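All residue numbers in this chain count up from 1 along the given sequence. The shown structure was predicted, so the numbers you read here are calculated from the model rather than taken from an experiment.
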Amino acid sequence: MKKSLILALKLFAICFVSTIVLALTNQATAPVIAEAQKQKEIAAFSAVFPELEEVRPVEDTSVLNDNITAVNEAVVGGETAGYLYSVVSPSGYDGPITFVVGATLDGTVTGLSVINQTETKGFGAAVADPPYAEGMKGVMLTGSLKAEGEEAGEGTMPAITGATRTSTAMERAMNMVVEAQAKLTGTEVDTSTPMTEVTDEQLQAAYPNATFEPLDGAPVDERVRAVYEATVDGAVAGHVFHVTEPEGFLGSIEFLIGVDNDGTIAGFNMIQQGESPEYGGVIAKPEYAEAMVGMALADKPGAITGATFTTEGMNKALSAVLAVQEKLGK
């Protein structure tokens with residue numbers, strides 16, 4: 001018993017000391033890592049805005065968020081010639097991509113430099129290669145951007161062949177930059193994903209035997225784009241939500257979902273999706289829609305075998321619907 005107690009005390013002492021050493025090591029190295037990241041970012045500023053003479057933080061901090069982490073004025077000849085955006089993209093295939101992008105006042109991209117990424121070598125990791133950065137030059141931040149092709153075009157930015165998740169992450173990040181640029185320059189842009197104009201037949205598939213009216217003033221967001229009141233026998237029995245989920249495996253997923261006032265799913269109708277047919281594409285099959293009917297919206301469907309990203313995307317979309325549903329009930 002005495003030997004066991006001594007052994008336990010020794011193990012506790014070793015663990016305690018190890019924890020203290022680890023904490024001190026982290027405390028000592030964290031500032032070094034942060035400073036190295038900062039210096040790498042500063043070096044990138046000159047690379048993405050070749051005429052740069054001075055950097056000055058913008059006064060309007062309302063453009064900053066979890067993705068646009070910093071914005072600096074690019075000063076040339078004492079005047080603001082453009083902006084330098086420090087960006088953390090939404091998750092790509094293997095995590096977010098950190099980069100710096102420069103743009104002139106008229107919205108012309110002057111350069112892009114990736115600071116950090118963990119995408120797959122030979123595929124998404126090409127986001128950090130010179131050809132991708134070169135293709136970004138000349139992209140216009142004056143309207144919604146779509147990732148397609150290999151270089152800048154009208155309303156387009158480069159895509160990476162065989163790396164849809166990475167391309168989509170960069171597309172979403174650059175559209176956030178478009179919004180920030182518009183706010184800083186006092187212009188207006190619409191970067192939202194275009195919505196399909198739905199028919200009464202499609203609404204009926206999401207909520208059978210009802211009539212529908214758009215709900216003006218509904219608390220919509222980037223996922224829940226529109227809400228319709230579903231009326232049965234003269235009373236509002238529930239709602240149909242028009243949803244666009246941007247984070248599928250191979251792009252956005254657009255669908256209608258009908259929900260009773262008590263939170264029970266009345267119907268589900270896929271409008272469009274581009275998921276892998278044998279995996280995430282099952283969300284477009286009748287069996288998937290049938291399995292949803294009668295479920296509580298809060299429960300969410302089970303995982304889709306072999307389709308982690310599609311499953312996560314649908315769960316985010318349904319969580320957004322639930323949030324709007326709860327607001328409507330208040």
Nearest heavy atoms of Gly238 and Asn261, plus distance in Å: CA-OD1, 3.3 Å
Let me check something: do Tyr228 and Met270 share a hydrophobic cluster, defined by ILVMFWY side-chain heavy atoms less than 4.5 Å apart, either directly or through other members? no
Distance check, rounded to the nearest 0.5 Å: Leu318 atom CG versus Gln325 atom CD? 12.0 Å
Would a single hydrophobic cluster contain both Leu145 and Ile68, if residues Ile, Leu, Val, Met, Phe, Trp and Tyr are joined by side-chain heavy-atom contacts under 4.5 Å? yes
Hey, are Thr156 and Glu148 close enough side-chain-wise for a donor-acceptor pair under 3.5 Å? no
Are any non-hydrogen side-chain atoms of Val88 and Phe99 less than 4.5 angstrom apart? no
I'd like a table of donor-acceptor pairs (distance under 3.5 Å, sequence neighbours excluded) in which one partner is a side-chain atom from residues 248-259, with atom names and distances.
residue: Glu254; atom: OE1; partner: Thr196; partner atom: OG1; Å: 3.0
residue: Glu254; atom: OE1; partner: Gln272; partner atom: NE2; Å: 2.7
residue: Glu254; atom: OE2; partner: Thr196; partner atom: N; Å: 2.9
residue: Glu254; atom: OE2; partner: Thr196; partner atom: OG1; Å: 3.4
residue: Glu254; atom: OE2; partner: His242; partner atom: NE2; Å: 2.7

Let me see the working for Asp60 and Leu184 under side-chain contact (heavy atoms from CB on, under 4.5 Å), right down to the final yes or no. CA-CA 8 Å; Asp60 185 0; Leu184 290 171; 4.1 Å; yes
Heavy atoms, side chains only, cut-off 4.5 Å: are Met314 and Pro301 in contact? no
Ala103 and Leu141 have their tightest heavy-atom pair at CB-CD1, 3.6 Å
Is any side-chain N of the basic residue among Glu247 and Arg223 closer than 4.0 Å to the acidic one's carboxylate O? yes
For Ala169 versus Pro90, what's the shortest heavy-atom pair and its separation? CB-O, 3.4 Å
Decide if the gap between the ring center of Tyr93 and the ring center of Phe309 is smaller than 6.0 angstrom. yes
Cluster question for you: counting only ILVMFWY and a side-chain heavy-atom cut-off of under 4.5 Å, with indirect links fine, are Leu64 and Tyr85 together? yes
Rounded distance (nearest 0.5 Å) linking atom OH of Tyr279 with atom OG1 of Thr311: 13.0 Å
How about His239 and Tyr207: do any of their side-chain heavy atoms sit closer than 4.5 Å? no
Can you give each donor-acceptor pair under 3.5 Å made by side-chain atoms of residues 286-293, sequence neighbours left out, with the distance rounded to 0.1 Å?
none

Measuring from Glu150:CD to Glu134:CD, what's the distance to the nearest 0.5 Å? 12.5 Å
Grouping I, L, V, M, F, W and Y whenever their side-chain heavy atoms are under 4.5 Å apart, do Leu215 and Val240 come out in a common cluster? no
Test Glu73 against Val58 for side-chain contact (heavy atoms from CB on, under 4.5 Å), laying out the working first. CA-CA 6 Å; Glu73 295 178 1; Val58 296; 3.8 Å; yes
